[in-house]
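For reference, the structure is listed below as structure tokens.
Hydrogens, waters and symmetry mates are skipped; everything else that's a heavy atom, side chains included, is used. What you see is a predicted model, and the numbers here were worked out from it, not measured in a lab.
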Amino acid sequence: MRHGQTEENRTGRYLGHSDVPLNEHGCAQAEQAARMLASERPAALYTSDLLRCRQTAERLAAVWGLGPRAVPALRELSFGAWERLTYDELMARDGELARRWYDNPFDCAPPGGETLTQLGERVDRWLMQLMRSVSMDDTVCLVTHGGVIRWFQAAWVENDPRRYWQVDGVGHGGVLVAKWDGRRWTAARMEDNPSASGEKHVSMQSSL
């Protein structure tokens with residue numbers, strides 16, 4: 001699940017490791033998601049350790065009776081010196097480097113921030129540990145960020161990290177339901193029909 005909206009999200013600012021709360025609309029999104037998911041029975045609830053995710057997870061924890069476990073590896077991509085800038089502010093301040101980053105975010109990082117490759121490495125490492133620690137029959141909920149969810153969709157579901165910008169992301173307060181059958185992942189947004197033709201399939205690769 002992606003966290004609810006923050007004021008920085010609403011105003012179009014780059015938001016990575018900056019620790020900000022949900023805004024009023026984001027709180028309502030988290031509460032709506034908790035109502036929608038109230039009948040689920042996950043074995044565990046994990047959340048990014050950043051406040052906006054923890055506040056979202058608290059709504060789920062209340063309906064499930066679970067204690068959220070904070071995981072730094074589930075943080076958003078760090079934008080370093082570009083945190084909380086708008087696109088226009090970024091281009092005015094550091095346009096040349098920003099254009100290089102847009103062209104190749106896998107190898108180019110914001111000053112003091114992360115590349116997409118670095119984000120993927122920490123997310124992949126933690127997800128592989130999680131898969132080794134739970135049963136295939138267990139349902140586990142992760143509350144995280146748009147960038148982490150996009151990485152999972154591209155690298156794990158579509159088996160192509162370079163599809164990062166092409167996958168259909170998940171909106172604030174949105175839910176992606178992913179299933180592992182021992183060979184491949186399938187995934188669909190909560191509002192989608194999991195049996196629809198748009199469902200994505202992939203064979204798990206040993207490199208992940």
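Residues passing the salt bridge (Lys or Arg N to Asp or Glu O under 4.0 Å) test with Glu114 are Arg122, sequence neighbours excluded. Evaluation of the ring pair (Phe, Tyr, Trp, His ring centres under 6.0 Å) rule for Trp126 yields Tyr46 as partners, not counting sequence neighbours. For Ser78, there are no side-chain hydrogen bond (donor to acceptor under 3.5 Å, both in side chains) partners two or more places apart in sequence or in a different chain. In this structure, the side-chain hydrogen bond (donor to acceptor under 3.5 Å, both in side chains) partners of Glu7, at least two apart in sequence or on a different chain, are Arg10, Asn23. Arg2 meets the side-chain hydrogen bond (donor to acceptor under 3.5 Å, both in side chains) test with His172; sequence neighbours excluded.
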Enumerate donor-acceptor pairs with a distance under 3.5 Å from any side-chain N or O in residues 70-77 to protein atoms, sequence neighbours excluded.
from  : atom 1 : to     : atom 2 : distance (Å)
Arg75 : NE     : Asp49  : OD1    : 2.7
Arg75 : NE     : Asp49  : OD2    : 3.4
Arg75 : NH2    : Asp49  : OD2    : 3.1
Glu76 : OE1    : Gly147 : N      : 3.2
Glu76 : OE2    : Gly147 : N      : 3.1

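When atom types are taken as modelled, the side chain of Gln55 and the backbone of Cys27 share no donor-acceptor pair closer than 3.5 angstrom.
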Could you give me the CA-CA distance, side-chain angles and deciding distance for Gln153 and Leu176, then say whether side chain to side chain contact (heavy atoms under 4.5 Å, CB included) is met?
CA-CA 9 Å; Gln153 290 174 286; Leu176 183 77; 3.9 Å; yes
As a quick check of understanding, evaluate side-chain hydrogen bond (donor to acceptor under 3.5 Å, both in side chains) for Asp138 and Ser135, giving each step before the final call.
CA-CA 5 Å; Asp138 288 337; Ser135 163; 4.7 Å; no
Let's go through Arg93 and Glu89 carefully: what are the C-alpha distance in whole Å and the side-chain angles of both, what is the deciding distance for salt bridge (Lys or Arg N to Asp or Glu O under 4.0 Å) to 0.1 Å, and is it a yes or a no?
CA-CA 6 Å; Arg93 178 184 297 191; Glu89 290 169 344; over 6 Å; no
What verdict does the side chain to side chain contact (heavy atoms under 4.5 Å, CB included) test give for Val170 and Ile149, after you've listed the backbone C-alpha separation in whole Å, the side-chain angles of each residue and the deciding distance to 0.1 Å?
CA-CA 7 Å; Val170 175; Ile149 295 172; 3.8 Å; yes
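Of the N and O atoms on the side chains of Trp156 and Asp124, at least one donor lies less than 3.5 Å from an acceptor on the other residue. Donor-acceptor pairing under 3.5 Å is recorded for the side chains of His145 and Ser48.
The aromatic rings of Trp101 and Trp165 sit perpendicular to each other, their planes meeting at more than 60°, with 30° as the lower class boundary.
Around the CD atom of Glu24, the shell of radius 6.0 Å holds no more than 12 heavy atoms that belong to other residues, nucleotides or ligands.
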